[in-house]
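Data block below; observations after.
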Amino acid sequence: MVAKKSDTEGQMSFAFGGGGGDSGELEGRSVKKVKKKIKKKIKKKIKKKVLKKVKKTAAAPGEGSAPKNAVAKKTGKTKKTAGESAAKKKVTGKKVVGKRKAGKKGVGQESAAKVRSAKVIEHIADDQIEAQARAMAGTQREISVSEFFAKNRHLLGFDNPRKALLTTVKEAVDNSLDACEEAHILPEIEVGIQQKAEDRFVVWVQDNGPGIVKAQIPNIFGRLLYGSKFHALRMARGQQGIGISAAGMYGLLTTGKSVKINSRTGPRSRPHYYELRIDTKKNRPDIIKDEEIEWDVKSGTRVEIELEARYQRGRQSVDEYLKQTAITNPHTRIRYIMPDGVVQEYERSVQQVVEVPKSIRPHPYGVELGVLIKMIKDTTQKTMTAFLCHEFSRVSPRVSQQILDKAKLSARKRPSGMSHAEAEKLHEAINNTKIMAPSTSCVVPISEEALQKGMEQVVNADFYAVCTRPPAVYRGNPFQIEAGIAYGGGNGNGNGNDNDNDNGNGESGQEQELMRVLRFANRVPLQYQQSGCAIFKSIMQMNWRLYGLSQSRGALPGGPVTVMVHIASVWVPFTSESKEAVAHYPEIIKEIKLALGECGRKLGRHLRGEKRKKDEALKRSYIEKYLPAIGEALRDILSLKDRQVTKVVNQLEHILEKTRSK
């Protein structure tokens, strides 16, 4: 047994490259087997080196490296044991007998299998990650803006059927008013609603504007984000080119019906009729019908949309919207046909055409640093002086030199060579330089006279006070605030407050008559999201007790009072695409408070005057009541005649009136 053991050791030593065995012991054995063993040994050494390299690479600090090293170490050891057992068995040429040897062999093979499977799993995981990334890349594609808003139509004001009806009418009326004013035409608008089923309505809006040329009709009504007002820095009702095409898309989604458009650009042109729908995947119009028709109008546009909706009177209704539209658009004649066939007309109280706002360049105040850097990059001007004078409004050569001196920049420096640090200095210098307020030509306010006429036409009151503030600026955008107050006549919440559910303090408002709030942006009434609007916030922050109104803490003031606030701007900062509330910019809130304060002071003087009149009337009633009794008493005491009593009473009345007037 000892000899056999030494022989085996010698053979193993030679087989694994030791070279210590006797060469005679290899006789009778196949040369092939020896070569095979040698190759196997070389492979094992190579694998061991590779594992060591992997271990060094994976030994970086961090989670997950320790288990890998441990597996690698265990793997090398297990493979060595399995290889030695196999070599030992093949060299001796005898079967391994006994439970202990068989168990060792099984453990070695099992460990080697585990290592191989772990390696395979690792390779599969890496392959799967790459394949998964390629699969994900294959599913990524551009999202159409129409497709996005079709799934998120609540962002555009189509939350529910009732609101959808109001939004559809609002977008069509806004477009009609803008078109008429740009063409210097006094607007005449007809709004009609016809009920076809319990939740199915047909809405049409027709105007006397300049009409739309044939080539542009499909794009205007069949594409989102298509319009002429987005890049123009001037006041307009529409801004984004979404509204009317979104209304047509909502009608298509809820009823499957196309939008119908009639348009005529003049008495000599042929009227065109279109039926089209929007392709939400491509954001392109799909024209169903295009033909010439007979239409007995001089010029204008008519759009008809069938949609799923709900009609309801009262607050946040089409009726209330058109009534408020008449306040801020006194130059417009509106004819409204209700679903029950009743016709309501709002005649124009101003016979003058509204001045068309002019496009201007941005004002330097409020321009953010990133916007300034982009303007410097995109400009075609060759010097900084030319850049400041031509890219901004209200910047003269003298003002530009003051700005450049404060920024320590050369007037002849090329804008293309500006660094980020120099742009920061320029931005700081602009904000520290006194610059004239922006031009009002880009913003056309309603004017105090027209605003008061509009309020008198719609709001029944005893006293009216209006105010138009000078233009101001936020983020480089000019804006102007107008406010008005109507008091008396029972015009409180009974006429329709635009509050969503409450009065701002959680109460229903039915126990006490509270102030009625009317909000407007670019002459358009804002019906929803009152509590999230900067106008409502400004009204709530006012101390109305100073102006003679009763007010509880955290609530609107009480009394028969209506307050309206209008913001006119080249770019109204709405909180969402549905254009329902104004964002809370400090500059805007400040101007609103100043306008409300001026109207409040006028109201306070009126209320104090009314109180004096009431006190005087009370005193006069006392005089009229008690003077005859005084005369009778004097006659009895002094034995006066009737003629003397009358004279004394008249003298007393004159003295009391004179004293009361003081």
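Because the structure is a prediction, the values reported are computed rather than measured. Computation of the quantities below employed the complete heavy-atom set of this structure, encompassing side-chain atoms and omitting hydrogens, waters and symmetry-equivalent molecules.
Judged by distance alone, the side chain of Gln541 and the main-chain N or O of Ile589 form no donor-acceptor pair under 3.5 Å. The backbone N or O of Arg310 sits nowhere less than 3.5 Å from a side-chain atom of Arg162 that would complete a donor-acceptor pair. Under a 3.5 Å cut-off, the side chain of Arg348 and the backbone N or O of Pro187 do form a donor-acceptor pair. Side-chain atoms of Ser569 come within 3.5 Å of backbone N or O of Pro478 as a donor-acceptor pair. Under the 3.5 Å distance criterion, the side-chain polar atoms of Tyr250 are matched with a main-chain donor or acceptor of Glu308. Not one N or O on the side chain of Arg523 forms a donor-acceptor pair closer than 3.5 Å with the backbone of Ala568. Not one N or O on the side chain of His427 forms a donor-acceptor pair closer than 3.5 Å with the backbone of Ala423. Checked by atom type and distance alone, the side chain of Lys453 never pairs as donor or acceptor with a backbone atom of Val350 at under 3.5 Å. Between the Asn283 side chain and the Leu224 main chain, a donor and an acceptor come within less than 3.5 Å of each other. Of the possible polar contacts, one joining the Ser400 side chain to the Pro397 backbone as a donor-acceptor pair under 3.5 Å is found.
Looking at heavy atoms from C-beta onward, Lys406 lies in side-chain contact with Thr433 at the 4.5 angstrom threshold. You'll find the side chain of Lys260 stays beyond 4.5 Å of the side chain of Ile305, heavy atoms only. Val563 is listed as a side-chain neighbour of Ile539, based on a closest heavy-atom distance under 4.5 Å. The closest side-chain heavy-atom distance from Ile435 to Phe392 is not below 4.5 Å. Between Asp319 and Tyr321 the shortest side-chain heavy-atom distance does not fall below 4.5 Å. Between Met564 and Val517, the closest side-chain pair of non-hydrogen atoms is not below 4.5 Å. Annotation: side chain of Ile481 is not in contact with side chain of Leu594 (no heavy-atom distance under 4.5 Å). Two residues are said to be in side-chain contact when any heavy atoms from C-beta on lie closer than 4.5 Å; Leu426 and Met384 meet this criterion.
Defined by atom type and a distance below 3.5 Å, a donor-acceptor pair is present between the side-chain atoms of Glu456 and Gln452. In the model, Gln527 has a side-chain atom that pairs as donor or acceptor with a side-chain atom of Gln324 under 3.5 Å. A donor-acceptor pair shorter than 3.5 Å cannot be found between the side chains of Ser317 and Gln312. Side-chain N/O atoms of Tyr585 and Asn477 include no donor and acceptor closer than 3.5 Å. Counted by atom type alone, Thr468 and Glu482 present one or more donor-acceptor pairs between their side chains at under 3.5 Å. Using modelled atom types and a 3.5 Å distance limit, the side chains of Ser299 and Arg264 yield no donor-acceptor pair.
Ionic pairing of Arg516 and Glu320 is present here: one or more N-O contacts between side-chain nitrogen and carboxylate oxygen are shorter than 4.0 angstrom. A salt bridge links Lys374 with Asp378: at least one charged nitrogen is closer than 4.0 Å to a carboxylate oxygen. Using a cut-off of 4.0 Å between Lys/Arg side-chain N and Asp/Glu carboxylate O, Glu422 and Lys413 are scored as salt-bridged.
Each of Asn175, Asn329, Asn522, Asp174 was checked for a side-chain hydrogen bond (donor to acceptor under 3.5 Å, both in side chains) with Arg237, and the lone residue meeting it is Asn329.
Residues passing the salt bridge (Lys or Arg N to Asp or Glu O under 4.0 Å) test with Lys425: none are found, sequence neighbours excluded. Applying the salt bridge (Lys or Arg N to Asp or Glu O under 4.0 Å) rule to Arg469 yields the partners Glu591; only residues at least two apart in sequence or on another chain are considered.
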Next item on the list: Show your working on side chain to side chain contact (heavy atoms under 4.5 Å, CB included) between Phe158 and Thr168 and close with a plain yes or no.
Entry: CA-CA 9 Å; Phe158 298 94; Thr168 301; 3.7 Å; yes
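Counting heavy-atom neighbours within 6.0 Å of Lys602 NZ, excluding the residue itself, gives a total above 12. Under a cut-off of 6.0 angstrom, the local environment of CD in Glu424 is crowded, with over 12 non-hydrogen atoms contributed by other residues, nucleotides or ligands. Heavy-atom contacts from other residues, nucleotides or ligands closer than 6.0 Å to CD of Glu448 number more than 12. Other residues, nucleotides and ligands contribute more than 12 heavy atoms inside 6.0 Å of the CD atom of Gln401.
Both tests hold for Lys163 against Tyr528: distance to the six-membered ring centre under 6.0 Å, angle to the ring axis within 45°.
For residues 360-372, there are no side chain to side chain donor-acceptor pair (under 3.5 Å) pairs, not counting sequence neighbours.
Ring orientation note: the planes of Tyr547 and Trp544 are nearly perpendicular, at an angle over 60° on the 30°/60° scale.
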